[in-house]
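Step one of this worksheet: look at the structure below.
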Amino acid sequence: MAESTICFRLISRFGPRCVGLTSPQLSATPGGYAVDIRGAALLVLERMGILDQVRAADTQMTGVYFVNGSGKIKGRIGEASIGNEAGLDIEVMRDDLTDMLYNLTKDTVNYLWNDSITAIRETEEGTEVQFTNGKPQTFDLVIGADGLHSNVRRLIFGEEDQFKRSLGCYISIYTTRNYLGLNHCQQFYAVPGKTVGMYSARDNTEAKGLFVFKSGPLPYDRHNPEAQKQLVAETFGSENGWETQRLLQAMQAAEDFYFDEICQIHMPAWSRGRIALVGDAAYGPSPLSGQGSSLALVGAYVLAGELKLAQGDHARAFAAYEREMRTFVEKNQKIGQSAAEGMVASSSFKIFLQNWMLRVPFLMNATFRTISKMIAKAANGIELKRYEET
């Protein structure tokens, strides 16, 4: 819902009339994980007039702690070391951001709740959209901002497999009690091919449980959370270190359980006719990149701005949108590609090496300065036009 709302808000400001559509899952499921907003995306928030509001919801994380099976801290990374610099970057809970964006747009966007698109057909009048529950409607344009498993992308461009690039990992996140008393921080426990984590949320009043593991392609039903929970339980069931078993028990009761493959979306084109894609639907960089929300914000801003500049020529606008965004997207997707190995080490030696490095200040500082520079360069790798002044 975050990416959809952003896109519809900006487009409604700059030109075509829009309807916001949310799926049953998005409208009924609260929760979500923390998302980062940095670089050019901060400028978008400023131009939207909500930068201070989003900054006020910052999670104020202070660092990441790596523990062994007994819970002893083996290493620590400051938030600034991994690209989250106080005053420059913002980390917020995803549903806090979507709430802000919904409240910002609810009076100017007609939202259709608990429905889904079943067919899209271009006509002389525009684009006819058929819905599962509602009556068909015709729109000037259709903007697919419906996430990694985009229904609009499937209907117009084809099945997901041709665009998906797996990073060889799966991730699960859910809300639980902050029973460890974590104070604006994260803890991770790693064994070869698996990582278990927990971090505080909402000013330490709750926490998020996290499971990440390496695996080849797994057959699973994306719409069956109970079967997904069973898959995670089977994967981590024999691991007794740290809080693994307790977090597995908490997972079973979670109402906002999320599970998915860690992958990216790579497409040769993001538009066809009167239909265009934005955010994860077009160029998802994976959750491990920390850049998904930033790419969606910037992409929606550029798309909306180019639609305004084109004065009704959607083909011209879509082409300009891709020219402006393509290199920026590629830079940020590279971050996601390099993050998977760091999040889930493949051997005990690599886990030992990582923990050892974290205890050697010179090596740690040098490594994370390089990482921070890479993230900052990618996050700022686009010069945003001031569309509202043209």
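The structure displayed is predicted, hence computed values, not measured ones. Position 1 is the first residue of the sequence, and the numbers go up from there.
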Pair Q130, K135 - check side chain to side chain contact (heavy atoms under 4.5 Å, CB included), show working.
CA-CA 7 Å; Q130 296 183 13; K135 296 180 180 179; over 6 Å; no
Side-chain heavy atoms of [X] within contact of [Y], under 4.5 Å:
{"X": "F257", "Y": "I173", "answer": "no"}
{"X": "T118", "Y": "F131", "answer": "no"}
{"X": "S286", "Y": "I262", "answer": "yes"}
{"X": "T127", "Y": "T138", "answer": "no"}
{"X": "L104", "Y": "M48", "answer": "yes"}
{"X": "I375", "Y": "R38", "answer": "yes"}
{"X": "Q187", "Y": "L182", "answer": "yes"}
{"X": "V329", "Y": "T327", "answer": "no"}

Which atom names give the shortest non-hydrogen contact between [X] and [Y], and what distance separates them?
{"X": "A41", "Y": "L297", "value": "CB-CD1, 4.0 Å"}
{"X": "I37", "Y": "S294", "value": "CA-OG, 3.4 Å"}
{"X": "P268", "Y": "F163", "value": "CD-CE2, 4.3 Å"}
{"X": "M61", "Y": "Q186", "value": "SD-CG, 4.3 Å"}
{"X": "Q291", "Y": "P285", "value": "C-CG, 3.9 Å"}
{"X": "A376", "Y": "N380", "value": "O-ND2, 2.8 Å"}

Would you kindly say whether [X] and [Y] are connected by a side-chain donor-acceptor distance under 3.5 Å?
{"X": "D260", "Y": "H149", "answer": "yes"}
{"X": "Q249", "Y": "Q245", "answer": "no"}
{"X": "Y179", "Y": "E243", "answer": "yes"}
{"X": "Q333", "Y": "S289", "answer": "no"}
{"X": "D203", "Y": "H184", "answer": "yes"}
{"X": "Y189", "Y": "E239", "answer": "yes"}
{"X": "T175", "Y": "K208", "answer": "yes"}

[X] side chain vs [Y] backbone, donor-acceptor pair below 3.5 Å:
{"X": "D58", "Y": "V54", "answer": "no"}
{"X": "K308", "Y": "Y387", "answer": "yes"}
{"X": "D115", "Y": "N133", "answer": "yes"}
{"X": "K214", "Y": "G168", "answer": "no"}
{"X": "S293", "Y": "V35", "answer": "no"}
{"X": "R55", "Y": "I90", "answer": "no"}
{"X": "T105", "Y": "L101", "answer": "yes"}
{"X": "D96", "Y": "V92", "answer": "no"}
{"X": "S166", "Y": "C263", "answer": "no"}
{"X": "E128", "Y": "P136", "answer": "no"}

Value rounded to 0.5 Å, distance of [atom1] in [X] from [atom2] in [Y]:
{"X": "R272", "Y": "L277", "atom1": "CZ", "atom2": "CG", "result": "10.0 Å"}
{"X": "H314", "Y": "I143", "atom1": "NE2", "atom2": "CD1", "result": "10.0 Å"}
{"X": "E261", "Y": "I171", "atom1": "CD", "atom2": "CD1", "result": "12.0 Å"}
{"X": "N332", "Y": "Y283", "atom1": "CG", "atom2": "OH", "result": "10.5 Å"}
{"X": "K72", "Y": "Y65", "atom1": "NZ", "atom2": "OH", "result": "15.5 Å"}
{"X": "K334", "Y": "Q264", "atom1": "NZ", "atom2": "CD", "result": "11.5 Å"}

Please check if atom [atom1] in [X] has more than 12 non-hydrogen atoms from other residues, nucleotides or ligands closer than 6.0 Å.
{"X": "Q311", "atom1": "CD", "answer": "no"}
{"X": "R165", "atom1": "CZ", "answer": "no"}
{"X": "K164", "atom1": "NZ", "answer": "yes"}

Charged N to carboxylate O below 4.0 Å: is that the case for [X] and [Y]?
{"X": "E306", "Y": "R316", "answer": "no"}
{"X": "E206", "Y": "R177", "answer": "no"}
{"X": "R153", "Y": "D146", "answer": "no"}

Could you walk me through whether E234 and Q230 pass the side-chain hydrogen bond (donor to acceptor under 3.5 Å, both in side chains) check?
CA-CA 6 Å; E234 291 173 356; Q230 183 61 30; 3.2 Å; yes
Before you tell me yes or no, could you show the steps for L210 and F188 under side chain to side chain contact (heavy atoms under 4.5 Å, CB included), namely the whole-Å CA-CA distance, both residues' side-chain angles and the distance that decides it to 0.1 Å?
CA-CA 9 Å; L210 175 89; F188 289 108; 3.1 Å; yes
For the ring pair [X] and [Y], is the centre-to-centre distance below 6.0 Å?
{"X": "Y170", "Y": "F211", "answer": "no"}
{"X": "W242", "Y": "F236", "answer": "no"}
{"X": "Y174", "Y": "F259", "answer": "no"}
{"X": "W270", "Y": "F318", "answer": "no"}

Test N204 against every option in N183, N178, T59 by the side chain to side chain donor-acceptor pair (under 3.5 Å) rule and name the one that passes.
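Filter result, single survivor: N183.
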What's the verdict on salt bridge (charged side-chain N to carboxylate O under 4.0 Å, His left out) for D95 and R202, showing C-alpha distance, side-chain angles and the deciding distance?
CA-CA 11 Å; D95 49 351; R202 304 201 183 288; 2.9 Å; yes
Begin with the C-alpha distance, continue with both residues' side-chain angles, and end with the deciding distance and a verdict on side chain to side chain contact (heavy atoms under 4.5 Å, CB included) for R94 and L97.
CA-CA 5 Å; R94 182 182 64 85; L97 179 61; 5.8 Å; no
Determine, using the 4.5 Å side-chain heavy-atom cutoff (strictly less than), whether V67 and L247 are members of one ILVMFWY cluster.
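Yes, V67 and L247 fall within the same hydrophobic cluster.
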Would you check, one step at a time, whether the test side chain to side chain contact (heavy atoms under 4.5 Å, CB included) holds for L384 with R47?
CA-CA 11 Å; L384 294 178; R47 293 180 183 177; 3.9 Å; yes
